[in-house]
Amino acid sequence: MEKHNNNAKAFISFDKVSKSFGATKALINCSVSFEVGKIHALVGENGAGKSTLGKLILGVHKHDSGSIKIDGKESFLSSPRESVKQGLVGISQELSLLPDRSVVDNIAIGRETTIGPFVSNKQTLEKVEAVMEKYDLYIEPSRVVGSLSVADQQKVEILRALNTNARLIVFDEPTARLASHEADQLHNLVHSLAKSGTAVVYISHFLEEVLKISDTITLLRNGEKVRTEPTSKETKKSLIEGMTGRDAGNLFPKKPKINEKSEVLLKVKSLSRANEFKDVSFEIKKGEILGIAGLVGSGRSELAHAIYGNRMPDSGSIELNGKEFITKNVAHSIKNGMAMVPESRRDQGLILERSLLENTSLPYLEQFTSWIYGLNKNDEYSEVDDSCKTTMIKHGGLEKEVQYLSGGNQQKVLFARAAMNKPKLLIADEPTRGVDIGAKQVIYELISQLSKVGEAVLLISSEVEEIIGMAHRTLVMSRGKVVAELKGNQITKSAIMEAAFEQD
Amino acid sequence: MNNALEYSKKHGIAIITILLFIVLALTTDGFFTERNLRNILDQQSTILIAASFMTIVIISGNFDISVSSIFVVSPLFALYVENATGNIFLAVIAGILIGLAMGAFNAIVVTYFKVNSFIATLATSFMFFGLGYLISDRSLMRPMGDAYQQIARTKFFDITSATWLAIGVVIIASIILTRTRFGRNVFATGGNQEAARLAGVSVSRVQAATFILLGGASALAGIVSSSRSISAQPSDDFSFVFAVLTAVIVGGTSIAGGKGAIWRTVAAAFFLAFMSNGFNLNQIDPLWQRIILGLVIVIAVAIDSWSQRKNA
């Protein structure tokens with residue numbers, strides 16, 4: 001490690017640290033050090049050990065062997081409290097704020113200035129404002145946190161960290177929920193934090209982002225460190241190869257051709273829903289992959305949920321297979337050949353504590369049910385098994401709870417569920433969020449297969465590459481409206497971004 | 001290590017119940033006798049009837065406090081019909097119907113008006129208790145004929161009909177929960193409501209059905225209890241629901257929803273019954289029973305939350 005240490009002061013260093021969870025080795029003999037004033041990125045597939053490393057720093061987990069030194073002194077980070085005391089704090093994907101309390105209350109929580117037994121609101125506020133000023137990061141202190149955007153909430157959390165005199169901040173996938181201009185703001189902020197002497201550990205799936213903002217990159221694979229290099233020595237290609245241990249190749253399958261004569265499957269006519277989307281019209285042919293790009297909050301998911309029957313549109317109409325389709329409820333839409341892979345697999349997709357079998361067959365139990373025998377488990381089992389095989393889920397038995405599967409395999413469960421319906425229309429909302437490259441490839445292949453057999457796919461994604469790589473045609477949404485329609489070669493990053501950021 | 005935890009979570013209550021049974025059988029005179037065991041079965045029947053369906057309500061992510069009030073009101077209505085018609089069959093049907101109706105009322109408040117189920121059923125409890133005083137004109141009610149007491153007291157193969165009814169209800173509830181589409185939907189709804197909805201499960205309908213079924217079961221339990229005591233009395237007594245909840249929770253059904261099993265509720269009910277029977281037979285001051293019962297509940301819930309943290 002010391003080889004790369006060009007005079008920067010190592011603030012916290014790991015020496016041959018290992019950590020196991022049961023039989024899974026999450027981190028094996030890992031040596032790495034984090035320096036004051038540097039942005040150090042951790043890169044790797046899901047399960048590579050990035051988050052485990054972060055959580056060891058934050059005292060969430062305790063290491064099994066090896067040593068952790070802070071300022072050259074052996075330290076035992078046995079609890080989050082201990083870590084905070086040492087100036088080590090984390091900003092995670094899921095924010096931990098009190099939504100009903102004000103900005104200042106959230107920032108100062110646990111560190112309010114007191115006079116005797118009483119909290120001095122004035123002095124507390126002054127202290128918080130001083131921190132805001134120091135880092136040039138201002139959010140109206142009296143606002144209620146729940147009313148802020150996700151990006152601003154994240155800033156509140158960062159301010160809270162800064163208020164504790166953090167010396168090292170671990171960012172775990174901080175931009176996963178941010179729109180791209182918000183992500184840019186965050187990058188600037190991270191830079192200024194580093195400049196002011198904070199050590200930054202940056203965990204992210206987005207390689208461009210990592211290459212753009214970090215000083216040093218540590219690559220992890222299957223719990224082991226592959227290498228630590230200055231960012232200038234890495235490229236996207238070298239990172240992908242290092243992460244997967246194989247050639248980067250092409251992530252996307254060849255786009256299947258659509259038959260020009262194939263029929264229109266879904267026709268949406270001036271669909272509107274108050275405050276969500278307005279006057280949206282489009283059609284999808286059988287076998288077509290239609291992308292919907294746009295920023296988070298542009299009404300993409302809301303539109304999808306309206307088509308899927310989970311929310312009722314205020315006006316407009318939907319035609320399915322040439323006939324008017326009146327949305328009633330989700331079950332009705334599923335019966336009519338729709339399937340959805342929702343945006344968040346944990347919140348909207350899976351019942352984590354139930355088995356793979358139950359999760360996959362949940363929407364279609366009726367077909368396995370008879371009045372006399374109840375559920376026919378044999379039929380159910382064999383159909384689910386088939387579907388899990390086509391979607392290449394790696395699992396230790398259909399009876400195992402899905403919470404024990406990796407993120408990529410959990411995501412594939414949603415595809416297995418969708419595929420069981422042999423849907424005519426698949427709505428995939430952020431189908432590869434938070435999954436590693438191997439699983440991504442499988443998912444893209446699945447989508448492409450569906451399109452080849454004539455199914456229409458509505459692909460909603462924030463990853464522009466995904467849209468470019470997969471969609472035959474794409475709509476760009478902004479503030480609830482379709483602002484552009486791009487076809488074939490017109491689908492480029494700049495065209496999409498331009499349309500997405502267009503002001504009305 | 002994880003497997004051991006998983007195993008003890010699943011089967012722990014059964015193992016502990018069997019151990020307690022063996023210990024009592026070996027150490028306590030009068031425990032392992034036919035009469036004593038038959039008595040325990042008979043005494044537990046009302047709790048088992050209600051607890052089976054309470055387990056289903058809790059797995060679906062709700063709570064029902066109004067079980068006590070339905071338990072009190074339904075037999076009053078059954079006796080009212082019995083007194084008016086003399087027909088025992090009509091009386092039982094009427095009692096169960098009013099239970100189902102009260103369950104449906106709970107269902108509407110919880111699923112349509114979206115009131116938190118704990119608060120909703122606390123509120124409806126008072127309404128139902130009030131209804132009990134109305135029906136009975138504030139007084140103790142007795143059956144006119146002798147047939148009413150036979151509902152719970154008829155013996156088949158030396159075992160009371162109350163016990164047989166409980167066995168039947170437990171089996172039916174287990175089949176509903178583990179072998180039917182509805183049961184799967186109950187687990188899905190309690191495990192992740194939004195995911196269940198997006199998979200096409202009608203979450204409100206599932207939850208409504210659990211309340212209605214529990215209303216019917218509580219009514220049956222109330223009728224059995226009144227048949228045993230040959231009377232029914234209006235009251236504001238919440239103790240029945242707490243006994244029922246204790247069995248469900250000690251049985252390891254998660255109050256967060258999505259997890260649980262009826263057979264574990266049954267095992268817990270017997271564990272609690274053996275415990276109290278053991279205390280009585282050994283003539284230990286009942287005050288200790290309370291303290292230990294409380295401890296057992298705390299331990300059961302602590303194990304549940306501890307294992308949830310392990311999984312997180």
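Numbers restart at 1 for each chain; the letters A, B, ... are given by sequence-line order, proteins then strands.
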Please look at [X] and chain B and tell me whether the side chain, the backbone, both or neither of the residue comes under 4.5 angstrom of a heavy atom of that chain.
{"X": "A:Tyr364", "answer": "neither"}
{"X": "A:Leu357", "answer": "side chain"}
{"X": "A:His305", "answer": "side chain"}

If you tally heavy-atom pairs under 4.5 Å against chain B, which of [options] wins?
{"options": "A:Glu380, A:Lys377, A:Arg417", "result": "A:Glu380"}
{"options": "A:Leu375, A:Asn359, A:Val330", "result": "A:Leu375"}
{"options": "A:His332, A:Met340, A:Lys335, A:Arg354", "result": "A:Arg354"}
{"options": "A:Asn329, A:Ile334, A:Asn376, A:Asp347", "result": "A:Asp347"}

Requested in this report: Say whether, by atom type as modelled, one donor and one acceptor occur between the side chain of B:Asn192 and the main chain of A:Gly349 under 3.5 angstrom.
Outcome: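 Not confirmed, B:Asn192 side chain does not pair with A:Gly349 backbone.
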Query raised in the report: Any idea which heavy atoms bring B:Ala199 and A:Pro363 closest together, and the distance?
Result: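 That would be O-CB, 3.1 Å.
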Query raised in the report: Between A:Ala331 and B:Gly200, what is the shortest heavy-atom contact and its length?
Result: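 Shortest heavy-atom separation between A:Ala331 and B:Gly200 comes out as CB-O, 3.4 Å.
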Query raised in the report: Does a side-chain heavy-atom distance below 4.5 Å link B:Arg184 with A:Ser361?
Result: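 Yes; the side chains approach each other to less than 4.5 Å.
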Query raised in the report: Side-chain contact, heavy-atom cut-off 4.5 Å: B:Asn185 with A:Leu362?
Result: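 They are in side-chain contact.
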Query raised in the report: Is the number of heavy atoms from other residues, nucleotides or ligands within 6.0 Å of CZ (A:Phe325) greater than 12?
Result: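 Yes, the 6.0 Å shell around CZ holds more than 12 heavy atoms from other groups.
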Query raised in the report: Should we count CZ of B:Arg179 as having more than 12 external heavy atoms under 6.0 Å?
Result: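 No, because the 6.0 Å sphere around CZ of B:Arg179 holds 12 heavy atoms or fewer from other groups.
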Report task. Heavy-atom pairs under 4.5 Å with chain A are the metric here; pick the option from B:Ile176, B:Thr178, B:Thr180 that has the most. Result ->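 Highest number of heavy-atom pairs under 4.5 Å: B:Thr180.
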Query - Pairwise distance CD1(A:Ile351) to OG1(B:Thr189) - rounded to 0.5 angstrom - result: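 Those atoms lie 8.0 Å apart.
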Query - Euclidean distance, B:Leu198 CG relative to A:Asn310 CG, rounded to 0.5 Å - result: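 Atom-to-atom, A:Asn310:CG and B:Leu198:CG are 5.0 Å apart.
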Query raised in the report: Picking from B:Glu194, B:Gln193, B:Arg197, what satisfies side-chain contact (heavy atoms from CB on, under 4.5 Å) with A:Gln348?
Result: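 One option only clears the test, and that one is B:Glu194.
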Requested in this report: Examine whether an atom of B:Arg181 lies under 4.5 Å from a heavy atom of chain A, and if so say whether it belongs to the side chain, the backbone or both; otherwise answer neither.
Outcome: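 Both backbone and side chain.
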Query raised in the report: Does A:Glu401 come within less than 4.0 Å of B:Lys259, counting only side-chain N to carboxylate O?
Result: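 No, A:Glu401 and B:Lys259 are not salt-bridged.
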